[in-house]
Structure formats: C-alpha cells, structure tokens
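Reading through the structure tokens given below for one structure.
Numbers for residues simply follow the sequence, beginning at 1. We count ligands from 1, going down the list as the structure has it; atoms in each ligand are counted the same way.
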Amino acid sequence: MSNWPFRFIHAGNFHLEQPIYGLAEVPDHLRETFLAAHFRAAQRVFDAALAEEVDFVVLSGDLVQSQRSSPRSLVFLVRQFERLAEREIAVYWAGGSVDPPRAWPAAMALPENVHTFPVGRAADFLHSRDEKPLARLVGRSREDQENIGSYQLRADVGGLFTIAIVSGSADESELTGSSVDYWALGGRQNRSTLCTSPVVAHWPGSPQGRSPRETGPHGATLVQVDESRRVRSSLLPTDEVRWHHERIEVDASTHGEQIERMLRERIEAIRDGTRDVDRLIRWTIAGDGPLMAQLRHGTLAADLLDWLHVEYGTEPPVLWTISLETEAAAALPHDWYEQESILGDYLRTIREHQTDEELPLSLEAYLSERHLAGTLAGAVELSGAVTRQRVLRQAALLGVDLLSGDNGMNDSGADAPKGVAS
Ligand SMILES: [Mn+2]
C-alpha cells in the first residue's frame with residue numbers, strides 16, 4: 001500500500017522530577033547547569049518538533065512523576081504542549097512507570113492536541129493531514145513490569161502505517177511477529193534500537209543523561225516515513241551536558257608526562273568533536289607498572305585532577321573531570337595469596353570477604369564523624385555487590401603497594417613482591 005510521507009519525533013523519559021545526580025560534589029560554576037539541564041533538554045525536544053515541522057510527536061512515557069515534582073514541571077509540560085497546539089501538532093503520550101494518566105492532576109487540563117493512552121487496555125488514534133489518513137497510533141500506558149509482547153497491539157486493519165507506543169521490555173521475536181511498523185518504546189534512559197527490519201523497534205532514551213552511567217549523546221529521535229513506508233530515523237541531540245567514561249591504558253614504561261599527554265589528547269578530541277555541549281568526564285586508568293602505584297597513593301592523581309580542572313574545566317565548553325580512578329590490570333598472581341607474610345595474610349582476608357558476601361566489612365570504625373554525617377552517610381554499607389567487589393579489589397591493590405618490601409613504588413608489578421615476613 002502506498003503511503004503519504006510524514007515525519008514525527010519520538011521522545012520520552014524526561015523525568016522532570018529528577019535533576020542530574022550521582023556526583024559527590026558539584027563545582028559552583030556548574031550548579032545552575034545541573035539543576036536546569038533536564039528542563040532545557042526537554043524544551044529542545046519541543047523546539048525541534050517546531051523547527052522540523054513534524055506532523056506529530058510521540059511520547060513513550062516517564063515524562064514526570066507528578067507526586068514527586070513541583071507544579072513547575074507540570075506547568076512546563078502544559079506550556080510545551082500548547083506551543084505545539086498553536087501549530088496544530090498533535091501529541092500521542094503513553095504513560096511509563098511513573099506517569100500513568102491517572103497520576104496527572106485533574107485540575108490541570110491538558111490541551112486538546114494531547115492524546116493519552118489508558119492503562120489495562122489498548123487504545124488507538126487515526127492521524128490525518130488535510131483529511132488524508134497518515135498513520136494509526138496504538139498504545140497502552142504501562143502496568144508494573146509487563147513485557148510488551150503480552151500487550152497484543154494490533155496494526156491498522158486497512159494496512160495504514162502503524163506506530164505502537166508502549167513502555168517496558170521487549171523481545172525482538174515478539175515484536176517482529178506483529179504487523180506494527182514502528183514500535184515507539186519507552187522506559188530506558190539510554191538510546192537503543194532493538195531492530196530495524198522488517199519492523200523498527202526503538203528506545204529514544206532520555207533527552208538528557210542524568211547520571212554518570214548515562215554516557216554519550218542524548219536527545220530525541222526524528223523519524224521520517226517515505227512513500228514506500230521506508231523508515232529513516234536520526235538523533236536530534238538535545239542534551240545540555242554530556243557524560244563520558246574514558247579509559248586510558250598504561251604499562252610499566254608509562255611515566256608521568258606521558259599520562260598528562262594522553263589525557264590532553266583524549267580530552268581535546270572530545271572537545272573538538274561535535275557541537276558545543278558541556279562534558280562531564282570520568283577517567284579510568286588501567287594497566288600496571290609504577291605509574292599505577294603513584295596514581296593510587298601518591299599525589300599524582302590529585303595533581304592531574306587539579307590540572308584538568310584548571311586547564312579545561314572552567315571556560316565554555318566546559319570539560320569537567322568528575323573522577324580519575326585506577327583499575328587493576330588483572331587478578332593478582334596466585335602465589336601471592338599463599339605467602340607466609342603480612343601481605344599473604346592480608347590478601348587471604350580480602351579473599352574471604354570477596355567469596356563470602358555475607359561477611360560484613362564494618363568500615364564505620366575507620367571513618368571520622370564528619371564523613372559519617374556527610375556525603376559518605378549510607379555509602380559506608382557499600383550497598384550493592386559491584387561496589388563491594390570494587391572496594392575489595394582496590395583494597396587488595398593498596399595492600400600490594402604498601403606491604404610489598406619496596407613499597408610497590410618502584411616495582412614493575414610483574415614479579416612477585418618481596419613480602420614483609422610475618
Ligand atoms: Mn524511567
């Protein structure tokens with residue numbers, strides 16, 4: 001069946017109730033950006049809808065959790081919808097896990113161009129331009145953790161291009177088996193595409209990455225459907241600030257000046273990449289050798305951090321280093337664990353805590369009152385197996401560096417350390 005070409009924007013996961021999080025400290029000059037970035041990014045989604053003159057906007061949920069949000073967020077959304085209404089651009093919004101239609105306050109009427117989907121059953125809308133049907137939009141607002149495959153959303157019976165709007169997890173086999181043309185999926189912070197042929201199934205992610213894990217560009221997806229129903233989609237970046245996780249490998253021959261040059265080259269490549277957008281960079285230095293020992297307990301890591309902040313962190317576009325961490329190259333040699341030495345005892349104790357997750361770490365005794373009351377409160381329990389294992393691995397390395405006879409600072413790391421006899 002032939003088709004009228006049309007275009008729409010697919011976006012979601014604004015989470016207006018949740019500003020950027022996940023950093024222990026925010027420098028003064030970035031405070032305002034951190035508080036406003038997710039609003040600015042969401043606004044750019046609507047700016048793009050107007051600039052691209054799309055036929056409609058598809059929102060796949062998690063726009064705002066109204067109970068946890070100030071009225072400002074709700075007023076903001078209504079204002080954006082009104083901007084589209086002025087240009088007769090329709091909005092199709094299926095709720096995700098935080099924004100079922102019943103959560104929206106009844107006192108705040110949504111403009112008439114906004115169409116929402118119910119919970120518990122599918123609904124559908126026919127979208128027309130100048131009386132010509134363009135597309136069928138089917139959808140359901142999310143319930144708990146249901147798999148989308150169970151929703152059984154049906155495509156248009158007359159063969160019109162059909163867009164399904166739903167939030168949750170999905171299996172490719174379940175979606176390609178239906179006759180829906182484009183699955184507008186929601187519920188994920190990061191952008192990803194499940195499949196592109198014969199049907200498209202896509203999560204646009206959030207317009208703004210909000211935590212260090214949400215790396216890479218964030219935005220909305222512009223979808224263009226041509227006469228032969230071919231789908232072409234592209235990212236419209238909307239993020240105000242972008243997260244990076246950069247990994248740098250060093251070896252036994254890497255020295256201090258080289259690491260500085262490696263950081264410089266990498267950060268300048270990021271800066272010279274795309275449009276002006278502030279960056280938040282987490283560095284992981286991996287490998288072995290004396291430089292790693294210096295980074296772990298000398299002043300080198302702090303010196304590099306200061307240098308990166310001064311050199312790249314203040315003038316726009318800001319490239320702000322949020323952390324510089326080291327990572328062990330591989331597991332420690334087996335015979336180190338067998339040594340009759342303080343180091344051997346220490347490593348065996350660490351290993352017990354690594355294998356038995358129930359063994360408490362009891363770190364409270366080692367922290368000052370100031371830390372317990374401040375940013376580390378709650379963190380001392382090291383909730384989460386991943387954090388626990390990371391801390392234990394770092395503790396093992398610290399032990400190797402400090403308890404090896406030569407203090408680890410001059411050791412290539414390749415030979416068995418000269419343990420202090422116990
Ligand atoms: Mn979400």
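- When the options Arg247, Glu246, His245 are evaluated for a side-chain hydrogen bond (donor to acceptor under 3.5 Å, both in side chains) with Thr284, the one that passes is His245.
- His115 and Tyr92 have parallel rings, their planes meeting at less than 30° on a 0 to 90° scale where 60° marks the start of perpendicular.
- For the Mn ion (ligand 1), the neighbouring protein N/O/S atoms at less than 2.8 Å, given as residue and atom, are His15 NE2, Asp62 OD2.
- Partners of Glu260 by salt bridge (charged side-chain N to carboxylate O under 4.0 Å, His left out), not counting sequence neighbours: none found.
- With salt bridges taken as basic N to acidic carboxylate O contacts below 4.0 Å, one links Asp28 and Arg31.
- Taking the centre of each ring, Trp183 and His202 stay at or above the 6.0 Å mark.
- Partner Val241 forms a side-chain contact (heavy atoms from CB on, under 4.5 Å) with one of Gln208, His218, Arg40 and no other, that one being Gln208.
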